[in-house]
Amino acid sequence: MTRRFVVIDFETTGNSAAKGDRIIQIGAVAVEAGQITDRFSTFIQPGVPIPPFIEQLTGINDEMVKDAPLFEEVAPKLLQMLEGAYFVAHNVMFDYSFLQGELDHAGYSRLSMPLIDTVEMSRLLLLGADGYQLGMLADYLGLEHLNPHQADSDAEVTARLLIHLLDKLENLPLATLERLTPFLKKLQSSLESIVGDMIAEKSAFLADEDTYDFYRKLALKKRPDFVQSSDDDFTEFKDEEVHDQLQQHMQHYEVRKSQQRMVELVDEALHTNQHLVIEAGTGVGKSLGYLIPGIRHAKEKDRPLVVSTHTVQLQQQLLERDVPLLKRIMPFDFTATLLKGRNHYLCLRKFEHTLMDHHDDNYDMNFTKAQLIVWLTETETGDVEELSMASGGKLFWNTVKSDANSCLNHRCPWFSRCYYHKQRRAAHESDLVITNHALLFTDLKSDNQLLPAYKEVVLDEAHHVEEVVSDHFGKETDYFSFVKLLDRLSQTDGDGMMNTFREICDLLEVPKYEHHLANWDTLFSDVKNELDEIFKQIKTICLKKARSSRSTELTKLTLRYTKQDIEAAAWEPVLEMEARARQFMGDLVKPVKRVLKSFDQYEEHLTVQQKGFLVDLEGILNDLQDEMADLNHLLSCPLSEEVYWMEAESKGPRHAVTLFAKPVEIDQILADKFFGKKSSVVLTSATMSVKNSFRYLSERLGLLDFGPISAQLPSPFQYEQQAKLMVPTDIPLINEVDQKTFVKKISSSLYEIAKVTKGRMLVLFTSYEMLRETHGAFKSLMDAEEFVLIAQGVDSGSRARLTKNFQRFDNSILFGTNSFWEGIDIPGDDLSCLVIIRLPFTPPDQPVMAAKSEKLKAEGGNPFYDLSLPQAIIRFKQGFGRLVRSSRDKGAVFVFDRRMIETRYGKSFIQSLPKLPVSIKPIDELVSELDDWME
């Protein structure tokens, strides 16, 4: 049956038909059998003036619609076109509500017809897209989009998008379409009968066995078998040969002295079993600098090289850009695998289990299940990083991700297809294993159970190691961590796991199980009530303490506590409740585990689903016990070398408080457990030295006693020609004025700079609150659409998505904090100005910082010069590094913090940068100088 789709786009005077906004332009495109068969477009006289911001957005003004027809004049033509068709739009309810409003207005009866939303369909079927705005999808699919925000052009692009989506849907395997069917009912888009017809047609055809692996009514993309490289193909080679090959295979490749030196140093460290600290400036090409000698050494010694990074982007770059290049140029074959933490991977058993129960799903859960069914036909890794999920989808992911506590291993029907185990097996057979710092140090903490045995490792982005190790050897818990687990169990009369558990016990006639579980519901309530009271009481203590200090006006409260504090009278009730809760938790978990143990004798009577359920239940009980042990640790403060603190939202729920513990120093941990046990560790980053010395980093990481080789390799970029550092003398320090005055001054200064640079600015903040206020103040200064403002935390989306949006618009300004100080790469003309609002010092009262400072002071050190300043310099260098990313980049760095030029320590920041011209003048003179320099 041939269906007719009419794709509609309306330009309107505003966002709400209900509030009287009207249509000013109609674009309609008819699609049948995958072809565009009809088009209709016209301006509409709305009978009200077009607001300036709509004119700015669409380019449509009052003059253009002055002689246009009224909606009622074109309604017959539009209704005739829509007769018997599907109504399709990008964000369908917007256009459909405007159509219904105009029909009401013109005296027509309302329409009732099937709808299709191309945003929803794109989110379901185009899982790799960076975003789902029409312009982004057009870029992603290579569709020409001549006049964005004009109805005729938008309708045309949406029609071509629809054709692509229907084609993709039709090409999904039969098993996938059948699995999707139950989830289509809850979508906005009326896809049920369309998919039903596709299924009927496909039933006659054989399945595509070459592309897909069909198993348990799911279609998975076939993954090529892992082919281990042979040990006898190793050929010795000279570095010059590799450089010759690189010149042949890489555009714009030039031999860089710094990169050659890095190859030599890494080679020396690996062959002489020494550790190496190497700072490689931007543009050195450090990944090839360590991969070339590293892979050669791995093949030579027949043992793997592990490369660990902090960011996902760098892991992807190594795997997708550097490894394929090296495979082409190396005179021998090698294998490489990317292995991440287990919870990055989908557990197929858990996912299959959730597909059997879809009656109580909310929209997000229903939609995420449908997305994952489609994703299985595309993914080879099952890695969540490939997906773009809404927050509801991320919650669902927590129930289907792989984890050790609920793994059936060889007893699982999905074991041979398990994404995590496949990736792990591949890693154990690889010459090069790429991972992240988080997994590397989780492996260290769990006695090397996760990664293959290795003796040589490269830590890229090594300036993050201290923070990651501190996180991994620390603990944290909060009320919601307990509630999440307890809610999954639920009481017997609820719809949680304990109800199902009793049903299985009844079914198999497990003896005496009722006796063991007689008091279970009462204990469950007792545990929940005690935990509720514990966290309420802790939050009360936190708020009281905040009221007695200056912290009351802050929304986020941070409070350090010690063993002495815990022994004070105020904490007595908390400790009593914690002891009771621990007792109740033991009484709650033990009998269930006892009954679970008795299931061993019923092994052959259990279905796969039941086996999976029982291991999931045991996993949750283990998690609850671990969480309880962490709470006990956090409330007894047993270790003098740990710092303890709590964080609470002053206006959050009554029990919303999180407890933390972290080691004050990690140098001894790393010296004993890591550097002392590895043959060679190479630490590299663009920012590790302070005043041309690696002492700060080596002390913090416990490297000093090992006497590592160290080197600084300069960037090949010509900073003296490519960059300028500008420090205004007339911007106040934040402690000289109130925040409102400070924000007003920096906003007006940013605006003046932006007019010269035509946007293309990255503004880095140290506080999210100041970012938000400056974003608002800047917006009030500019004309509508003068600049495209993109702000972290104000605009939704990941760092990568915000960065891509910034690059899409010529006149954009990106406001970022924390994660934007490093790891984002914006080469070329997209970025020509970087503004650092304040020097990035960690607040001295931040708990870990305060504890480190106290320890340093007690040892006779200077907390500011030995800790705060070096840390801020490394962070500052990271921020500075965002500007010049290639030899063709040119731009200015403004620092709105006079401490850089007025304090003794300020010079250290300038000395840490490559040699470049520095201008110190009032802001208006700097803006004028910038204007001349940018020409």
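The side-chain heavy atoms of Leu220 and Tyr419, taken from C-beta on, include a pair separated by under 4.5 Å. Under the 4.5 Å side-chain criterion, counting only non-hydrogen atoms from C-beta, Thr658 is not in contact with Phe535. Taking 4.5 Å as the limit, some side-chain heavy atom of Thr477 sits within range of a side-chain heavy atom of Phe482. Side-chain contact between Val400 and Thr368 is absent, with no heavy-atom pair separated by less than 4.5 Å. Two residues are said to be in side-chain contact when any heavy atoms from C-beta on lie closer than 4.5 Å; Asp443 and Tyr454 meet this criterion. The shortest side-chain heavy-atom distance between Val510 and Tyr602 falls under the 4.5 Å cut-off. No side-chain heavy atom of Leu346 sits under 4.5 Å from any side-chain heavy atom of Ser402. Looking at Pro638 and His633, their side chains come closer than 4.5 Å, going by heavy atoms from C-beta outward.
A salt bridge does not link Lys852 to Glu665: none of the charged nitrogens lies less than 4.0 Å from a carboxylate oxygen. The pair Arg700-Asp667 fails the salt-bridge criterion, with no side-chain N (NZ, NE, NH1 or NH2) lying under 4.0 Å from an Asp/Glu carboxylate O. Under the 4.0 Å criterion applied to side-chain N and carboxylate O atoms, Glu514 and Arg502 are assigned as salt-bridge partners. For the pair Asp532 and Lys536, the salt-bridge criterion is met [side-chain N within less than 4.0 Å of a carboxylate O]. At a threshold of 4.0 Å, the pair Lys350-Asp403 counts as salt-bridged, since one of the basic side-chain nitrogens sits closer than that to a carboxylate oxygen. Taking a cutoff of 4.0 Å between a charged side-chain nitrogen and a carboxylate oxygen, Asp600 and Lys597 qualify as a salt bridge. The existence of a salt bridge linking Glu854 and Arg560 is confirmed by a sub-4.0 Å separation between a basic side-chain nitrogen and an acidic carboxylate oxygen. The pair Arg349-Asp616 meets the salt-bridge criterion, since a charged nitrogen lies less than 4.0 angstrom from a carboxylate oxygen. Checked for salt-bridge contact, Glu769 and Arg772 miss the test: no charged N lies under 4.0 Å from a carboxylate O.
Just one of Tyr420, Phe415, Trp414 meets the side chain to side chain contact (heavy atoms under 4.5 Å, CB included) condition when paired with Leu348; it is Trp414. Between Leu459 and the choices Val306, Leu440, Leu701, the side chain to side chain contact (heavy atoms under 4.5 Å, CB included) rule is met once, by Leu440. Exactly one residue among Lys217, Arg216, Gln609 makes a side-chain hydrogen bond (donor to acceptor under 3.5 Å, both in side chains) with Glu352. That residue is Arg216.
Because its NZ or CZ atom is not both nearer than 6.0 Å to the ring centre of Phe613 and within 45° of the ring axis, Arg488 does not count as a cation-pi partner of that residue.
Considering only residues two or more places apart in sequence or on other chains, Glu641 meets the side chain to side chain contact (heavy atoms under 4.5 Å, CB included) condition with Leu639. Taking Cys407 as the reference, Arg342, Asn409, His421 meet the side chain to side chain contact (heavy atoms under 4.5 Å, CB included) condition, with sequence neighbours excluded.
For His437 and Glu461, the side-chain atoms include no donor-acceptor pair closer than 3.5 Å. With no hydrogens or angles considered, no side-chain donor-acceptor pair links Glu533 and Asn529 at under 3.5 Å. When only modelled atom types and interatomic distance are considered, Gln871 and Thr842 share a side-chain donor-acceptor pair under 3.5 Å. For the residue pair Tyr644 and Asp565, no side-chain donor N or O sits within less than 3.5 Å of a side-chain acceptor on the partner. Counting only N and O atoms by type, the side chains of Thr379 and Glu386 include a donor and acceptor under 3.5 Å apart. Remark: the Gln423 side chain and the Thr381 side chain contain no N/O donor-acceptor pair separated by less than 3.5 Å. No side-chain donor from either of Glu618 and Asn622 sits under 3.5 Å from a side-chain acceptor of the other.
Val608 approaches Pro413 most closely through the heavy-atom pair CG1-CG, 3.1 Å. When every heavy atom of Gln792 is checked against every heavy atom of Thr817, the shortest pair comes out as OE1-N, 2.6 Å. The two residues Pro452 and Ala427 make their nearest non-hydrogen contact at CG-O, 3.5 Å. Pro591 and Gly586 get closest at one heavy-atom pair: CD-O, 4.3 Å. Considering every non-hydrogen atom in both Pro653 and Lys539, the closest pair reads O-NZ, 2.9 Å. Counting all heavy atoms, side chain and backbone alike, Ser470 lies closest to Pro663 at O-CD, 3.5 Å.
Atoms SG and NZ, from Cys542 and Lys544 in turn, are 12.5 Å apart once rounded to the nearest 0.5 Å. Taking CG of Leu867 as the reference point, atom NZ of Lys855 lies at 11.5 Å (rounded to 0.5 Å). Note that CD of Gln846 is 15.0 Å distant from CZ of Phe841, once rounded to the nearest 0.5 Å. Considering CG of Asp383 and CD of Gln315, their distance stands at 9.0 Å, rounded to 0.5 Å. For the atom pair CG of Leu517 and CG of Leu523, the computed distance is 10.5 Å after rounding to the nearest 0.5 Å. Distance check, rounded to the nearest 0.5 Å: CZ of Phe660 to OH of Tyr561 gives 10.0 Å.
The closest donor-acceptor contact from the side chain of Asp478 to the backbone of Ser481 lies under 3.5 Å. For the pair Arg875 (side chain) and Asn818 (backbone), a donor-acceptor distance under 3.5 Å is present. Under the 3.5 Å distance criterion, the side-chain polar atoms of Thr435 are matched with a main-chain donor or acceptor of Leu339. Under the 3.5 Å distance criterion, the side-chain polar atoms of Lys563 are matched with a main-chain donor or acceptor of Ser636. Lys369 contributes a side-chain N or O that, together with a main-chain N or O of Thr354, makes up a donor-acceptor pair within less than 3.5 Å. Judged by distance alone, the side chain of Trp571 and the main-chain N or O of Ile541 form no donor-acceptor pair under 3.5 Å. Put simply, the side chain of Thr399 gets close to the backbone of Phe396: a donor and an acceptor are under 3.5 Å apart. A donor-acceptor pair under 3.5 Å links the side-chain atoms of His472 to the main chain of Val468, judged by distance alone. In this structure, Asn519 contributes its side chain and Thr522 its backbone to no donor-acceptor pair below 3.5 Å.
Heavy atoms from other residues, nucleotides or ligands lying under 6.0 Å from CG of Asn405 number more than 12. Around CZ of Arg654, the count of heavy atoms belonging to other residues, nucleotides or ligands within 6.0 Å does not exceed 12.
Taking the six-membered ring where the residue is Trp, the centroids of Phe441 and Phe674 are separated by under 6.0 Å. When ring centroids are compared, Tyr479 and His655 come within the 6.0 Å threshold.
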For Phe473 and Lys673, run side-chain contact (heavy atoms from CB on, under 4.5 Å): C-alpha distance rounded to whole Å, both residues' side-chain angles, the deciding distance at 0.1 Å, then the answer. CA-CA 12 Å; Phe473 285 85; Lys673 294 193 166 204; 4.3 Å; yes
Run the side-chain contact (heavy atoms from CB on, under 4.5 Å) check on Leu376 and Leu372 step by step: do they pass? CA-CA 6 Å; Leu376 290 179; Leu372 294 181; 5.6 Å; no
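Counting only residues at least two apart or on different chains, the salt bridge (charged side-chain N to carboxylate O under 4.0 Å, His left out) pairs with a member in residues 624-639 are Lys475-Asp630.
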